[in-house]
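Data block below; observations after.
A, B, ... follow the sequence lines: proteins, then strands. Residue 1 opens every chain.
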Amino acid sequence: MDYTLKEIMVLCAARKIKNHDIVFCGTGISMLAAVAAKHIYAPDCVIFFETGAIDSKLEKLPLAVSDSRVMYGAQAFCSLVDSFSFMQNKKTGANIVGIIGAAQIDPFGNLNSTMIGEYGDIKARFPGSGGACDVASFVNTNIIFMKLEKRKFVHTLPYITSPGWLAGENSREKQGLNPQGPCAVITDMGIMGFESRTKKMFLQEFYPGIDPETIKEHISFDIDISKARQTIIPKDEELKILREKTDPEKLILN
Amino acid sequence: MDYTLKEIMVLCAARKIKNHDIVFCGTGISMLAAVAAKHIYAPDCVIFFETGAIDSKLEKLPLAVSDSRVMYGAQAFCSLVDSFSFMQNKKTGANIVGIIGAAQIDPFGNLNSTMIGEYGDIKARFPGSGGACDVASFVNTNIIFMKLEKRKFVHTLPYITSPGWLAGENSREKQGLNPQGPCAVITDMGIMGFESRTKKMFLQEFYPGIDPETIKEHISFDIDISKARQTIIPKDEELKILREKTDPEKLILN
Amino acid sequence: MGTIKTDTKVMALDQAIRRYVTHADHITIGGFTLSRNPMAAIHEIIRQGICELHIYIHSNGQGFDELVGAGCISKAEIAYSGNGRFAPTCFCFKRQVINNKIMVEDYTNFQMALRFLAGAMGVPFLPTTSCLGTDIINKWGFDIETRKNNSRLSSKKLVVMDNPFSKKTAPEKIVLVPAINPDVTIIHAQRADTTGTTRINGLTFSDIEQAKASKSVIVTCDELLNPGLLNHDPGNNQLPSFCVDAVVHIPFGAYPTACYGLYDYDAQFLDLYRSIASSQERFNLYIKDFILGTKDHAEFIEKACGNRLEQIKADPETGYSDRIKRN
Amino acid sequence: MGTIKTDTKVMALDQAIRRYVTHADHITIGGFTLSRNPMAAIHEIIRQGICELHIYIHSNGQGFDELVGAGCISKAEIAYSGNGRFAPTCFCFKRQVINNKIMVEDYTNFQMALRFLAGAMGVPFLPTTSCLGTDIINKWGFDIETRKNNSRLSSKKLVVMDNPFSKKTAPEKIVLVPAINPDVTIIHAQRADTTGTTRINGLTFSDIEQAKASKSVIVTCDELLNPGLLNHDPGNNQLPSFCVDAVVHIPFGAYPTACYGLYDYDAQFLDLYRSIASSQERFNLYIKDFILGTKDHAEFIEKACGNRLEQIKADPETGYSDRIKRN
């Protein structure tokens with residue numbers, strides 16, 4: 001069965017979710033990945049929105065984390081403070097998988113979703129952290145979604161909104177953050193991981209039909225592509241559930 | 001109409017409550033004073049329990065602040081943290097009248113409800129602060145209930161559980177507490193106030209039939225009785241409501 | 001329900017805004033992106049031409065963007081300015097920031113929520129470990145001079161300290177975020193009674209903390225009830241009467257954002273708004289026609305929503321509407 | 001409701017206590033004085049002879065006093081030990097403190113609640129201005145040496161610091177209270193489902209914060225429901241399933257304390273308990289006869305309450321019983 005790059009991205013993220021995970025997701029494609037995981041791989045995982053909806057029924061896909069569709073049939077509601085406290089709390093935080101996006105990323109997985117320029121002379125403005133920096137600070141498993149573009153994969157960020165592995169090695173732990181930095185960057189061409197010691201980004205998987213050299217050309221910094229292998233092709237069954245059950249209205253997959 | 005000392009105590013406290021006050025009360029006689037105030041003088045005052053019940057209906061008198069009788073027909077419930085936060089919050093705290101008791105009191109209205117002795121060599125043990133120290137730290141109007149006994153009105157406390165005017169003058173404000181210390185000590189013989197500058201306790205009122213000199217004899221420290229006047233005699237109507245409506249089961253007035 | 005008793009707290013929206021929202025006030029609004037923003041009150045602020053406002057929000061997409069576009073805001077302390085699928089970054093916000101029309105201080109959603117909670121609790125700060133090592137700590141939208149010269153601003157954006165309880169040899173770092181105590185908080189609830197007791201159905205976001213932190217509180221509500229009716233179920237009431245200063249009865253008061261259980265967001269209007277907000281000229285025309293050109297929220301809804309109003313009404317079982325066009 | 005599905009979290013009380021409560025553990029229990037103490041679980045701890053427990057509570061009268069009297073507790077961090085009209089100071093507690101059988105550290109109710117909240121939030125401390133100038137700051141039940149030698153104790157009772165955000169010339173003082181993260185929290189709720197989703201009716205006190213702060217959580221409940229039944233009203237569920245490790249179905253599990261909406265406290269038993277607890281000999285007999293001499297909570301209730309059980313059942317309208325003898 002044919003598939004789009006959006007579809008393989010969603011499935012790659014969904015495959016990383018285990019049955020007893022608590023999946024924190026934002027809007028758009030990250031929410032779709034969480035819902036797909038629940039529909040396909042991890043029926044007992046709990047989908048959890050920063051707005052405070054826990055284990056939402058999600059009969060219809062929400063268009064924002066505050067959408068009333070996250071409220072219907074949930075297991076419990078909590079406040080914003082409670083919601084992020086579940087992540088900061090080491091017991092619950094250990095089981096939380098965060099899925100976040102950003103405007104820019106650097107070789108250590110640090111993210112910019114705030115701005116280009118400086119306060120007083122801002123060249124481009126993005127929405128801001130929202131809960132992304134909180135997730136990136138707290139949870140044990142953090143998955144990043146990014147479109148692969150040279151202006152997005154940059155050597156140095158003008159503004160670090162969400163911590164990745166900071167300056168690499170053990171710099172993250174030294175700052176007092178949860179020692180676990182991001183585990184994967186899922187793009188529209190392939191998936192990056194982080195070297196276990198240096199914490200530098202490397203190419204882990206390329207999607208079928210994508211040349212790793214092409215991926216290299218879409219990144220402003222030097223990246224090791226020598227360890228990359230091809231991503232497992234989406235199964236028909238996966239695609240079928242994704243299309244028919246997860247986003248039948250094609251709100252995000254369109 | 002005849003009245004007991006317990007009855008005049010309750011009415012004296014109740015008389016200090018105004019219609020838009022939020023009355024924080026504990027168990028026993030202080031709860032009775034709050035309920036009496038609502039029944040007699042201040043129908044719109046909000047009775048508020050540290051357990052988190054706000055504006056309880058109180059059709060039956062609770063025997064503890066956690067009694068289900070504080071929950072029925074309340075305006076709202078909140079947690080313990082929320083409850084004390086209403087006091088610490090300067091906006092709501094300014095309207096809260098606290099009514100607390102203790103085992104011992106000193107000339108500045110500091111209270112001991114913890115122990116006599118020292119940790120490791122405790123001679124007498126009382127229940128502990130509960131919410132009393134919090135109330136005494138935060139609210140603008142604080143009323144103290146005490147039985148008048150020499151061993152209760154002492155020069156120096158073995159343990160300061162709840163702050164009164166600390167060492168007098170502006171010592172309370174200097175410590176960082178709400179500058180308003182206790183306003184009255186209501187006893188079974190009369191009512192004490194605090195000198196406006198020194199913050200030392202003095203006799204403000206004595207109950208009809210009680211000799212101020214007798215009050216002096218029941219206190220271990222020296223107290224000024226020169227400004228004392230006789231308390232207004234409870235009206236029949238007040239006593240009637242107190243007996244028939246506020247504590248008809250005679251749970252506390254017995 | 002019978003007739004509604006009069007109470008000094010119950011007032012018309014224009015009266016509530018006039019009394020409690022003043023030029024240069026520090027304000028905050030309830031809701032989250034496209035849900036339960038107090039839109040009627042926001043439009044009334046725009047109608048009354050109140051400006052130079054300092055606003056504190058976490059993620060209020062629609063309400064915040066309209067206030068910014070209308071020129072009501074001079075400073076904003078925020079965590080997020082997007083509106084779900086309808087705006088990756090809010091359009092007026094983006095433009096006004098780049099044009100230096102508003103000053104922004106950036107925090108995270110958790111930090112803004114904690115700052116409201118600190119204000120509600122009456123403490124000067126609350127601790128977190130979020131944002132260590134990031135530019136949320138290093139870069140300040142309001143510099144130390146600006147903060148020193150403006151008594152209403154927190155003296156510092158935040159403070160990093162060592163954990164004084166640490167038993168480890170290397171000290172653990174803690175971030176303290178400063179309390180927010182706004183002049184006025186405006187929230188929209190499904191229900192309130194005439195004394196101010198307020199019940200929100202569904203997620204409360206940070207509305208409760210925002211209200212408790214504030215000097216004054218305006219509650220707009222879809223349903224106004226007589227005293228006592230909400231007391232049958234105190235566990236579902238989030239604000240007691242003594243927290244609320246003004247109660248305003250405004251059916252569809254959150255429109256075009258959603259109000260769980262009562263009505264959905266108007267997706268078609270939000271799509272239209274996207275094209276309106278992406279140009280300041282079009283936005284100015286929108287303000288002129290839709291806000292200044294309507295005398296109240298009912299007229300605004302008539303103009304903006306018209307006969308779609310039936311479609312956005314929520315299914316009482318699910319709390320949203322399956323009849324709106326979302327793609 | 002149909003048959004209850006089996007789930008690994010659902011277990012018998014003795015099994016839950018054996019699995020999650022161990023000699024010398026740090027524990028905390030829910031409820032407040034004479035309401036919603038997890039009494040069945042407390043009695044099971046006594047039956048299993050678990051001791052040297054370190055307990056953290058705010059104002060748990062009945063449950064705490066029985067644990068203390070039975071010799072289960074070696075250290076207690078508390079705010080209050082009384083039981084409303086039934087005990088100005090709890091009797092076993094008073095005796096055991098004076099006899100140096102337990103060590104006590106004293107805080108306030110707000111401080112204990114904040115300490116649980118800090119644990120729940122995953123921060124090492126929370127700030128307050130309560131108790132400045134008092135002996136709650138100056139006198140420590142556990143001295144600095146004891147704290148240094150016991151890795152489980154907070155390094156300090158509390159810390160007084162200057163407010164780093166102060167704009168005043170004289171610094172404002174702030175008290176930081178240390179987080180509590182117990183090994184196990186035991187609460188009693190009216191309802192839970194087999195996955196652990198928990199609903200408390202009426203006041204929650206600090207139960208929710210205590211549960212969230214804990215490594216393990218046991219919920220005993222009067223009614224056990226199949227999954228999904230509580231999801232019709234998520235706003236009334238306080239604990240999601242992932243916070244709960246063991247769910248135990250125990251009708252009247254809070255007896256002799258009250259469980260709002262279901263049953264009242266047994267005032268006659270609490271009066272009897274007063275005379276029992278005021279002598280260690282009588283208390284030992286009570287433990288022997290009523291706790292060790294009964295195999296489970298149902299037998300205990302039969303012995304302690306007998307045919308009064310009908311009287312304590314709550315009026316569904318008021319949540320309490322008008323048929324109990326209270327004076």
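Smallest separation of non-hydrogen atoms from C:I218 and C:A16: CD1-O, 3.7 Å. The nearest pair of heavy atoms linking C:M121 to C:L126 is SD-CD1, 4.3 Å.
Interface summary for chain B: among C:T197, C:N181, C:L230, C:L117, the most heavy-atom pairs under 4.5 angstrom belong to C:T197. Top candidate by heavy-atom pairs under 4.5 Å with chain C, chosen from B:K90, B:M71, B:K91, is B:K91. Note: C:G122 leads C:G228, C:G122, C:C243 in heavy-atom pairs under 4.5 Å with chain B.
A salt bridge does not link B:E195 with B:K200: none of the charged nitrogens is closer than 4.0 Å to a carboxylate oxygen. Look at C:D162 and C:K173 and you find a salt bridge, because one of the NZ, NE, NH1 or NH2 atoms lies within 4.0 Å of a carboxylate O, short of that distance. Using a cutoff of 4.0 Å between basic side-chain nitrogens and carboxylate oxygens, C:K157 and C:E77 are not scored as salt-bridged. Residues C:R115 and C:E209 are not paired through a salt bridge, judged by the lack of any N-O separation under 4.0 Å between the basic side chain and the carboxylate.
B:W165 contributes a side-chain N or O that, together with a main-chain N or O of B:P182, makes up a donor-acceptor pair within less than 3.5 Å.
With a threshold of 4.5 angstrom between heavy atoms, C:K215 approaches chain B through N, CA, C or O but not through any side-chain atom. The contact between C:S214 and chain B is made entirely by backbone atoms, counting heavy-atom distances below 4.5 Å.
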Scan the side chains in residues 97-110 of chain B for donor-acceptor partners under 3.5 Å anywhere in the protein, sequence neighbours excluded, and list what turns up.
{"residue": "B:Q104", "atom": "OE1", "partner": "B:N112", "partner atom": "ND2", "Å": "2.9"}
{"residue": "B:Q104", "atom": "NE2", "partner": "B:R151", "partner atom": "O", "Å": "3.1"}
{"residue": "B:D106", "atom": "OD1", "partner": "B:F108", "partner atom": "N", "Å": "2.8"}
{"residue": "B:D106", "atom": "OD1", "partner": "B:G109", "partner atom": "N", "Å": "3.1"}
{"residue": "B:D106", "atom": "OD1", "partner": "B:N110", "partner atom": "N", "Å": "3.0"}
{"residue": "B:D106", "atom": "OD1", "partner": "B:N110", "partner atom": "ND2", "Å": "3.2"}
{"residue": "B:D106", "atom": "OD2", "partner": "B:N110", "partner atom": "ND2", "Å": "2.9"}
{"residue": "B:N110", "atom": "OD1", "partner": "B:G164", "partner atom": "N", "Å": "2.6"}
{"residue": "B:N110", "atom": "OD1", "partner": "B:L166", "partner atom": "N", "Å": "3.0"}
{"residue": "B:N110", "atom": "ND2", "partner": "B:L166", "partner atom": "O", "Å": "2.8"}

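Within residues 73-83 of chain B, the residues having any heavy atom closer than 4.5 Å to a heavy atom of chain C are B:G73, B:A74, B:Q75, B:A76, B:F77, B:V81, B:D82, listed by residue number. Residues from residues 30-64 of chain B that place a non-hydrogen atom less than 4.5 Å from a non-hydrogen atom of chain C comprise B:V46, B:I54, given in numerical order. Of all residues in residues 8-22 of chain B, those placing a non-hydrogen atom less than 4.5 angstrom from a non-hydrogen atom of chain C are B:I22.
In this structure, C:L67 and C:I45 have side chains that are in contact, with non-hydrogen atoms separated by less than 4.5 Å.
Other residues, nucleotides and ligands contribute more than 12 heavy atoms inside 6.0 Å of the CD atom of B:Q180.
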Could you walk me through whether B:F138 and B:F84 pass ring-ring contact (aromatic ring centres under 6.0 Å, His included), step by step? CA-CA 9 Å; B:F138 298 144; B:F84 290 106; 7.7 Å; no

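In this pair, C:H54 and C:F142 present their aromatic rings perpendicular. The plane angle is above 60°, beyond the 30 to 60° band.
Test B:T92, B:V139, B:N95 against B:F86 for side chain to side chain contact (heavy atoms under 4.5 Å, CB included) and you get one pass: B:T92.
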